[in-house]
Amino acid sequence: MGNLQTQPLILASSSIYRRDLLARLGLPFEAISPEVDERPLPNEGVDAMALRLAIAKAAVIAKLHPNAWVIGSDQAADLHGEAIGKPGNFDNALSQLQRMRGQTVHFHTAVCLMRADYSVAMNVTTEVRFRDLPDATLSNYLKLEQPYDCAGSAKCEGMGIALLESIRSDDPTALIGLPLITLSALLRDAGFEIPPSRNDLQ
C-alpha cells in the first residue's frame with residue numbers, strides 16, 4: 001500500500017471533540033461528516049448499536065474516498081439497557097441527568113478503521129457512576145456548560161466531572177468520544193507509525 005503516512009486519513013465525524021482527540025496522535029487528517037441514520041434497530045443492544053453506527057459512518061466516507069483510510073466512531077450511553085443519546089436542549093438534558101443520578105451508566109464508544117477491503121472495529125465500555133445531586137445543582141450545571149451535544153448530558157472533560165462519583169475505563173479518552181489507546185493500536189496494526197517520524201511530518 002506504500003507509505004501509509006502519506007495516504008489520506010479521514011475522520012468520519014462532525015464532532016469537534018473527536019477532531020481534537022484525533023489531533024493528539026500527530027497524524028494529518030481531514031474530517032468529513034457522514035450522513036447516517038442513527039436510529040436504533042428493533043431489539044438492538046446499546047453496545048451493538050454503537051458498533052454498527054461506527055462501521056456505517058466509516059463505510060459512507062470510505063465509499064466516497066476509496067483510497068483513504070477512514071475512522072468512524074459512535075458513542076451511546078446505556079442506562080439499564082436503554083440508549084441515552086444527545087439531549088439537544090435544556091429540558092431533555094435535565095430529564096437525562098435526573099434519571100441517571102445515583103445510577104451506574106455504561107458508555108459504549110465504538111471505533112472503526114476502514115479502507116477499501118480492510119475493516120476492523122472495536123467497542124470500548126466506560127462505567128460511570130453519577131452522584132445523587134439535587135435538581136438545582138443539575139440545572140446550574142446545564143446552564144453553565146450547556147452540554148446539549150453530548151450523550152448523557154455531562155462533559156467529563158469539563159465541569160461535568162463534578163457530577164460524577166467514579167469513572168472506570170481502560171481507555172480514558174473513550175468517554176470524551178474517541179478511544180485513543182484502542183485507535184492507536186488499530187492504526188499501528190494497519191501499518192501507521194505513531195508518533196509519526198519527523199520525515200512524515202515534513
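All residue numbers in this chain count up from 1 along the given sequence. Just so it is clear, the structure is predicted and the values come from calculations on it, not from any experiment. Heavy atoms only: backbone and side chains are in, while hydrogens, waters and symmetry mates are out.
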Close side-chain approach of Met122 and Leu186, heavy atoms under 4.5 Å: yes

Within one Ile-Leu-Val-Met-Phe-Trp-Tyr cluster: [X] and [Y], side-chain cutoff 4.5 Å:
X      : Y      : answer
Phe192 : Val120 : yes
Trp69  : Leu11  : yes
Val36  : Leu51  : no
Leu180 : Met114 : no

What pair of heavy atoms forms the shortest contact from [X] to [Y], and how long is it?
X      : Y      : value
Gly72  : Ala12  : CA-CB, 4.4 Å
Thr109 : Pro179 : CG2-CD, 3.7 Å
Ala110 : Ala50  : CB-O, 3.3 Å
Ile181 : Pro172 : CD1-CD, 3.9 Å
Met49  : Ala76  : CE-CB, 3.6 Å
Ser184 : Leu25  : OG-CD2, 3.5 Å

Sequence-distant partners of Asp91, salt bridge (charged side-chain N to carboxylate O under 4.0 Å, His left out), two or more places apart: none

Results of salt bridge (charged side-chain N to carboxylate O under 4.0 Å, His left out) for Glu157 - residues two or more places apart only: none

List the atom pairs, with distances to 0.1 Å, where a side-chain N or O of residues 53-65 and a protein N or O form a donor-acceptor pair under 3.5 Å, not counting sequence neighbours.
{"from": "Lys57", "atom 1": "NZ", "to": "Ser73", "atom 2": "O", "distance (Å)": "3.1"}
{"from": "Lys57", "atom 1": "NZ", "to": "Asp74", "atom 2": "OD1", "distance (Å)": "2.9"}

Partner set under side chain to side chain donor-acceptor pair (under 3.5 Å) for Thr126, not counting sequence neighbours: Ser169

Side-chain donor or acceptor of Asp171 paired with backbone N/O of Ala174 under 3.5 Å: no

Would you list the pairs meeting salt bridge (Lys or Arg N to Asp or Glu O under 4.0 Å) in which at least one residue belongs to [range], sequence neighbours left out?
range            : answer
residues 9-22    : none
residues 94-104  : Glu82-Arg99, Arg101-Asp135
residues 120-134 : Glu127-Arg168

Please report the interatomic distance [atom1]([X]) to [atom2]([Y]), rounded to the nearest 0.5 Å.
X      : Y      : atom1 : atom2 : value
Leu183 : Ile71  : CG    : CD1   : 4.5 Å
Glu145 : Ser153 : CD    : OG    : 11.0 Å
Cys112 : Asn123 : SG    : CG    : 12.0 Å
Leu113 : Asp189 : CG    : CG    : 9.5 Å

Any pair counted as side chain to side chain donor-acceptor pair (under 3.5 Å), so long as it reaches residues 40-53, sequence neighbours left out: Glu44-Arg52

Linked hydrophobic residues, Tyr141 as query - side chain contacts closer than 4.5 Å: Leu79, Ile84, Phe90, Leu94, Leu97, Met100, Val105, Phe107, Val128, Phe130, Leu133, Leu138, Leu142, Leu144, Tyr148, Met159, Ile161, Leu163, Leu164, Ile167, Leu175

Thr125-His106 side chain donor-acceptor pair, cut-off 3.5 Å: no

Let me have the donor-acceptor pairs involving side chains of residues 26-35, under 3.5 Å, with sequence neighbours excluded, atom names and distances please.
none

Those residues that, when tested against Asn140, pass side-chain contact (heavy atoms from CB on, under 4.5 Å) (two or more places apart): none

Counterpart residues, side-chain contact (heavy atoms from CB on, under 4.5 Å), relative to Asp170 (two or more places apart): none

Lys155 atom NZ, over 12 foreign heavy atoms within 6.0 Å: yes

Steps toward side chain to side chain contact (heavy atoms under 4.5 Å, CB included) verdict (Val124, Val111): CA-CA 8 Å; Val124 176; Val111 62; 5.7 Å; no

